[in-house]
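These numbers come from the heavy atoms of this one structure, side chains and all, not from hydrogens, waters or symmetry mates. Predicted model, so just to flag it, every value in this text is computed and none were measured.
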Amino acid sequence: MKKIEVVAAVLEDGDKILATKRGHGEFAGLWEFPGGKIEQNESQKEALRREIMEELDAEIEVGDFITTVEYDYPTFHLTMHCYFCINKNGILNLNEHADAIWLELDNLYSVEWIPADIGVVEKILEMKRVAYKK
């Protein structure tokens with residue numbers, strides 16, 4: 001089975017998190033965290049900064065690691081490394097996506113996520129609920 005390794009940004013703005021809607025491909029119309037493939041000799045954080053600049057024109061600060069999701073799709077195995085990020089330049093242009101929405105934590109399940117991203121949503125909610133209890 002083909003293996004693909006990617007990074008994903010969980011962009012935060014206060015208590016809101018950015019979801020982006022895929023505009024093409026097998027999962028067009030579903031929501032995801034933006035990001036993409038790691039190139040050869042590129043660190044996860046370097047790949048994330050490059051991908052978010054390409055997809056959204058956003059310069060980001062990569063923050064805390066969230067989780068690595070391992071997910072088997074019918075035609076490939078996905079390994080996705082996810083990080084909390086902050087948009088440093090305030091720009092969000094949809095160069096690859098059909099739409100974007102800022103969701104509050106309580107509304108993260110209000111969109112239809114790509115299957116692998118559901119595990120990220122679960123981990124975010126787990127982490128944030130623990131953070132709120134402190």
Side-chain angles (χ1 to χ4, degrees):
M1 180 178 283
K2 182 178 177 181
K3 294 182 179 185
I4 298 175
E5 187 174 10
V6 301
V7 287
V10 176
L11 283 161
E12 296 183 288
D13 185 4
D15 290 337
K16 294 184 180 179
I17 290 177
L18 184 72
T20 53
K21 184 187 268 189
R22 288 188 61 110
H24 56 81
E26 183 179 353
F27 300 104
L30 297 181
W31 296 83
E32 67 180 353
F33 296 105
K37 292 180 186 172
I38 302 170
E39 294 181 356
Q40 191 171 4
N41 299 320
E42 192 175 45
S43 74
Q44 292 175 12
K45 291 182 178 184
E46 289 170 336
L48 197 49
R49 285 189 287 269
R50 177 187 51 75
E51 283 288 342
I52 300 306
M53 180 57 74
E54 289 174 5
E55 292 183 6
L56 300 170
D57 293 331
E59 183 181 329
I60 61 167
E61 178 180 322
V62 180
D64 291 339
F65 173 77
I66 300 169
T67 191
T68 295
V69 172
E70 301 283 347
Y71 193 88
D72 286 322
Y73 286 101
T75 57
F76 65 95
H77 176 81
L78 179 73
T79 300
M80 180 171 60
H81 310 285
C82 307
Y83 293 84
F84 286 115
C85 298
I86 301 294
N87 185 343
K88 290 172 33 178
N89 66 355
I91 297 171
L92 279 179
N93 292 322
L94 300 178
N95 298 328
E96 305 255 336
H97 297 92
D99 200 359
I101 186 171
W102 288 98
L103 297 169
E104 293 182 4
L105 292 175
D106 292 343
N107 292 324
L108 285 181
Y109 284 113
S110 67
V111 298
E112 187 178 356
W113 293 97
I114 288 175
D117 288 48
I118 293 169
V120 182
V121 170
E122 292 169 355
K123 186 66 177 175
I124 291 166
L125 291 173
E126 175 186 313
M127 292 174 79
K128 293 295 186 176
R129 286 192 177 114
V130 169
Y132 289 137
K133 290 180 183 177
K134 290 182 181 178

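In this structure, Arg50 does not pair ionically with Glu55, as no charged nitrogen and carboxylate oxygen lie closer than 4.0 Å. Between Glu61 and Lys88 there is no salt bridge, since none of the side-chain N atoms of the basic residue sits less than 4.0 Å from a carboxylate O of the acidic one.
Residues Leu30 and Lys21 fail the side-chain proximity criterion, which asks for heavy atoms closer than 4.5 Å. Annotation: side chain of Glu32 is in contact with side chain of His97 (closest heavy-atom distance under 4.5 Å). Counting heavy atoms from C-beta outward, Asn95 and Glu54 have side chains that stay 4.5 Å or more apart. Side-chain contact between Ile124 and Leu105 is present, with at least one heavy-atom pair separated by less than 4.5 Å.
Looking at every heavy atom in both residues, Asn89 comes nearest to Glu59 through OD1-N, 3.2 Å. For Gln44 against Val7, the heavy-atom pair with the smallest separation is O-CG1, 3.6 Å. Taking all atoms of both residues into account, the shortest heavy-atom contact from Thr20 to Phe33 is OG1-C, 4.2 Å. Across all their heavy atoms, His81 and Ile38 have their closest contact at CD2-CD1, 4.0 Å. When all heavy atoms of Ala116 and Val69 are compared, the pair lying nearest together is O-CG1, 3.6 Å. In this structure, Phe27 and Arg22 approach most closely via the heavy-atom pair O-CB, 3.6 Å.
A donor atom on one side chain and an acceptor atom on the other are not found under 3.5 Å apart for Asp13 and Asn87. Donor-acceptor pairing under 3.5 Å is recorded for the side chains of Glu70 and Thr79.
Ring-plane geometry between Tyr83 and Phe65 is classed as perpendicular, the angle between the planes exceeding 60 degrees on a 0 to 90 degree scale with a lower cut at 30.
The closest donor-acceptor contact from the side chain of Glu51 to the backbone of Leu48 lies at 3.5 Å or more, if one exists at all. In terms of modelled atom types and a separation under 3.5 Å, the side chain of Asp64 and the main chain of Phe84 share no donor-acceptor contact. Remark: the backbone N or O of Leu108 is paired with a side-chain donor or acceptor of Trp113 at under 3.5 angstrom.
A side-chain contact (heavy atoms from CB on, under 4.5 Å) with Thr67 is found for exactly one of Met127, Met80, Lys123, namely Lys123.
The environment of CD in Glu112 is sparse: at most 12 heavy-atom neighbours from other residues, nucleotides or ligands sit within 6.0 Å.
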